[in-house]
Student: 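Before I ask anything, let me first share the structure, which is written out below as structure tokens.
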Amino acid sequence: MAFKDLREFLGLLEKKGQLKRIPAPVDPRLEIGEIADRVSKRIGPALLFENPTDRETGRKYEIPVLINAMGSYERMAWALGVDGDTGTWRDLDAKARELMELLPLDMPASMKDKLGTLVSLKDLADSGPKEIKQGKAPCQEVVWRGDEVDLSRLPVLTTWPGDGGPFVTLPLVVTSDPKNRLNVGMYRLQVFDRNTTGLHIHEHHDGARNLRAWSEAGVQRVPVSAALGADPATIFSATAPVPPMIDEYMFSGVLRGESVEVVKCVTNDLLVPAHAEIVLEGWCDLGETQWEGPFGDHTGYYSLADDFPVFHVETITMRHDAIYPTTIVGPPPMEDCYLGKATERLFLPVIRALMPEVIDYDLPLEGVFHNCAIFQIKKRFAGQAFRVMNFAWSMGQMMFTKFVIVVDEDVDCHDYSQVAWRCFNNVDPSRDILVSKGPLDRLDHSSNYESFGFKMGIDATRPLPGEGHEREWPESLEMSADVKARINEMWGELGFD
Ligand SMILES: Cc1cc2nc3c(=O)[nH]c(=O)nc-3n(C[C@H](O)[C@H](O)[C@H](O)COP(=O)(O)O)c2cc1C
Ligand SMILES: [Mn+2]
């Protein structure tokens with residue numbers, strides 16, 4: 001059974017001893033961030049700050065703060081409804097296998113398979129969001145309108161000392177296009193004053209495409225809503241690179257095996273998760289921007305300040321006993337790493353469907369997902385590693401990848417020591433490096449240009465004939481099987497574990 005909402009997930013965490021309640025007064029300005037950072041670095045529990053308090057004024061917030069809810073592989077697996085048996089990212093593969101069965105990625109060979117595919121498509125169609133009646137949704141139990149709207153009543157965190165202000169860091173920002181196609185994406189909101197925030201949508205993301213579509217249709221004032229807290233699969237879906245033609249509620253419905261319940265906002269027509277904790281409803285004027293940032297970001301550096309759209313918050317709705325969910329990003333590992341790893345695992349079947357030579361891939365946490373991808377491939381023809389690089393650079397949000405490393409099928413792409421060993425020893429820089437150019441993630445600070453720059457592919461595979469290596473290629477070392485077996489038998493007797 002899927003989690004109905006965030007608090008049902010918290011119930012599970014509490015039962016498993018993975019939710020730490022903190023009754024002491026702690027300041028959302030820097031203090032909660034520092035605690036969450038330390039706890040993240042030791043892969044600690046989810047934290048519920050029950051008494052967030054402004055240290056300077058002594059003012060207590062009415063709403064508790066939740067942070068680090070998905071801050072481990074185990075909790076990330078639970079969030080997606082799979083067991084966290086191993087406590088490693090491998091637990092997430094169970095979900096990938098489930099999706100593989102559901103999504104008809106392979107052409108069915110037999111009639112039976114064809115029927116199977118039809119069933120899958122029906123499952124898919126049934127996964128769309130289910131709208132419930134306004135007034136019945138928990139997220140609309142309390143409504144703040146007009147002068148009641150005051151974002152300073154929410155315990156919004158300032159996480160790093162150089163930040164431009166407090167930022168809402170875990171919002172599910174809902175936009176639509178003029179044809180009423182919805183998108184849910186996670187974009188931070190810098191609180192400017194009691195009823196406006198920044199809207200930090202990167203130009204390549206679907207949310208930004210929606211805003212541009214309104215602009216092209218000649219509409220200036222565009223509805224925007226941001227839901228804080230939802231069932232964990234829906235929170236994850238807002239961060240995942242879901243293709244633009246699929247709305248994230250549908251994707252979450254597939255993950256959950258159950259439709260997401262949504263409700264129409266009170267002051268605009270956008271649909272938000274009915275079981276959200278808090279909803280900010282409002283609009284953006286596409287002609288208006290404001291200076292946003294800097295913000296201590298998931299690269300471990302401050303992303304630079306720049307002009308971004310302004311989100312006017314007209315109405316705030318919430319539950320009676322709302323929780324304010326948030327996250328901190330910074331030098332890895334942090335909570336977003338597990339969200340990113342879940343994306344890596346769940347999209348492996350899609351990547352394999354498009355590039356069958358790919359056996360597996362890995363996005364190292366240190367590359368913060370858009371900076372490095374390692375592909376493990378079964379190479380059959382000359383230049384195949386370069387095909388993989390070029391494909392990666394053309395695929396969805398993977399187009400941002402700065403370093404693509406390709407290794408042979410016998411190298412475990414998740415074992416960075418093995419990958420480094422092959423790279424350092426196999427690569428002839430004059431032959432195996434491809435420097436290319438293309439879009440970079442907006443957060444990249446190394447390039448001289450914004451969102452654009454150079455990339456490097458490293459082919460660490462063994463060269464095939466015709467790939468420009470004329471000399472003999474040596475075998476790598478491996479003990480013969482009979483000796484291994486003999487030593488295995490003797491191992492215990494020799495006094496080893
Ligand atoms: C914690 C967190 C914060 C994020 N903040 C932003 C942000 O401020 N702006 C942005 O464009 N993307 C941000 N992202 C990445 C997007 O949410 C992600 O790329 C998503 O797939 C975009 O969805 P879309 O293509 O449907 O717009 C963030 C991701 C996470 C996990
Ligand atoms: Mn999208």
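Just so we're clear, the structure is a prediction, and the values are computed from it rather than from any experiment. Residue indices begin at 1 and follow the sequence shown. Whatever order the structure lists them in is the order used to number ligands and atoms, beginning at 1.
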Student: Kindly confirm or rule out a cation-pi arrangement of Arg221 over Trp214, judged by NZ or CZ under 6.0 Å from the six-membered ring centre and within 45° of its axis?
Tutor: no
Student: If we set the cut-off at 4.0 Å for heavy atoms, which region of Pro244 has an atom near ligand 1: side chain, backbone, both, or neither?
Tutor: neither
Student: In ligand 1, which numbered atoms sit nearer than 4.0 Å to a non-hydrogen atom of Asn183?
Tutor: 24 (P), 26 (O), 27 (O)
Student: Identify, for atom 9 (N) of ligand 1, the protein heavy atom at the shortest distance, and state residue, atom and that distance.
Tutor: His200 O, 2.5 Å
Student: If you measure from CD on Glu216 to CG on Leu286, what distance do you get to the nearest 0.5 Å?
Tutor: 10.5 Å
Student: Can you tell me the protein heavy atom closest to atom 31 (C) of ligand 1 and the distance?
Tutor: Thr239 CG2, 3.6 Å
Student: With a heavy-atom distance limit of 4.0 Å, tell me whether Ile201 approaches ligand 1 through its side chain, its backbone, both, or neither.
Tutor: backbone
Student: To check you understand the geometry: which heavy-atom pair defines the closest contact between Pro273 and Leu172, and what is its length?
Tutor: CG-CD2, 4.3 Å
Student: Using a strict cut-off of 4.0 Å, indicate which atoms of ligand 1 neighbour a heavy atom of Gly207.
Tutor: 27 (O)
Student: Atom OH in Tyr324, atom CG in Leu170: separation rounded to 0.5 Å?
Tutor: 8.5 Å
Student: One residue to check: Arg442. Relative to ligand 1, which of side chain, backbone, both or neither has a non-hydrogen atom less than 4.0 Å away?
Tutor: neither
Student: Where do Ser176 and Leu182 come nearest, in terms of heavy atoms and distance?
Tutor: CB-CD2, 4.0 Å
Student: Hey, is Ala240 touching ligand 1 through its side chain, its backbone, both or neither, going by heavy atoms under 4.0 Å?
Tutor: backbone
Student: Atom 8 (O) of ligand 1: which protein heavy atom is closest, and how many Å away?
Tutor: Arg188 N, 2.9 Å
Student: For atom 27 (O) of ligand 1, what is the closest protein heavy atom, and at what distance to 0.1 Å?
Tutor: Tyr187 OH, 2.5 Å
Student: Measuring from the heavy atoms of Ala238, does anything fall under 4.0 Å of ligand 1?
Tutor: yes
Student: Is the distance between the ring centroids of His204 and Phe400 under 6.0 Å?
Tutor: yes
Student: Quick one: name the protein N/O/S atoms under 2.8 Å from the Mn ion (ligand 2), chain by chain.
Tutor: Asn183 OD1, Asp206 OD2, Glu248 OE2
Student: Output the distance between atom CD1 (Ile67) and atom CG (Leu157), rounded to the nearest 0.5 Å.
Tutor: 5.5 Å
Student: As an exercise, state the distance from CZ of Phe236 to CG of Leu346, rounded to the nearest 0.5 Å.
Tutor: 4.5 Å
Student: Centroid-to-centroid, His370 to His298, below 6.0 Å?
Tutor: yes
Student: What residue and heavy atom of the protein are closest to atom 24 (P) of ligand 1, and at what distance?
Tutor: Asp206 N, 3.5 Å
Student: So that I know where these two stand, are Tyr301 and His445 an aromatic pair - ring centroids less than 6.0 Å apart?
Tutor: yes
Student: With the threshold set at under 4.0 angstrom, would you say Glu248 reaches ligand 1 through any of its heavy atoms?
Tutor: yes
Student: Under the criterion side-chain contact (heavy atoms from CB on, under 4.5 Å), which of Thr315, Val313, Thr317 is the partner of Thr267?
Tutor: Thr315
Student: Which heavy atom in Leu6 sits nearest to a heavy atom in Leu66, and how many Å separate them?
Tutor: CD2-CD2, 3.7 Å
Student: Do any N/O atoms on Gln397 end up under 3.5 angstrom from N/O atoms on ligand 1?
Tutor: yes
Student: Kindly confirm or rule out an N or O of Thr169 lying under 3.5 angstrom from an N or O of ligand 1.
Tutor: no
Student: Considering only heavy atoms of Met186, which atoms of ligand 1 have at least one such atom less than 4.0 Å away?
Tutor: 1 (C), 2 (C), 4 (C), 5 (N), 6 (C), 7 (C), 10 (C), 12 (N), 13 (C), 14 (N), 15 (C), 16 (C), 17 (O), 28 (C), 30 (C)
Student: Calculate, to the nearest 0.5 Å, the distance between atoms OG1 and CG belonging to Thr299 and Asp444 respectively.
Tutor: 9.0 Å
Student: When rounded to the nearest 0.5 angstrom, what distance separates NZ in Lys264 from CD1 in Ile132?
Tutor: 13.5 Å
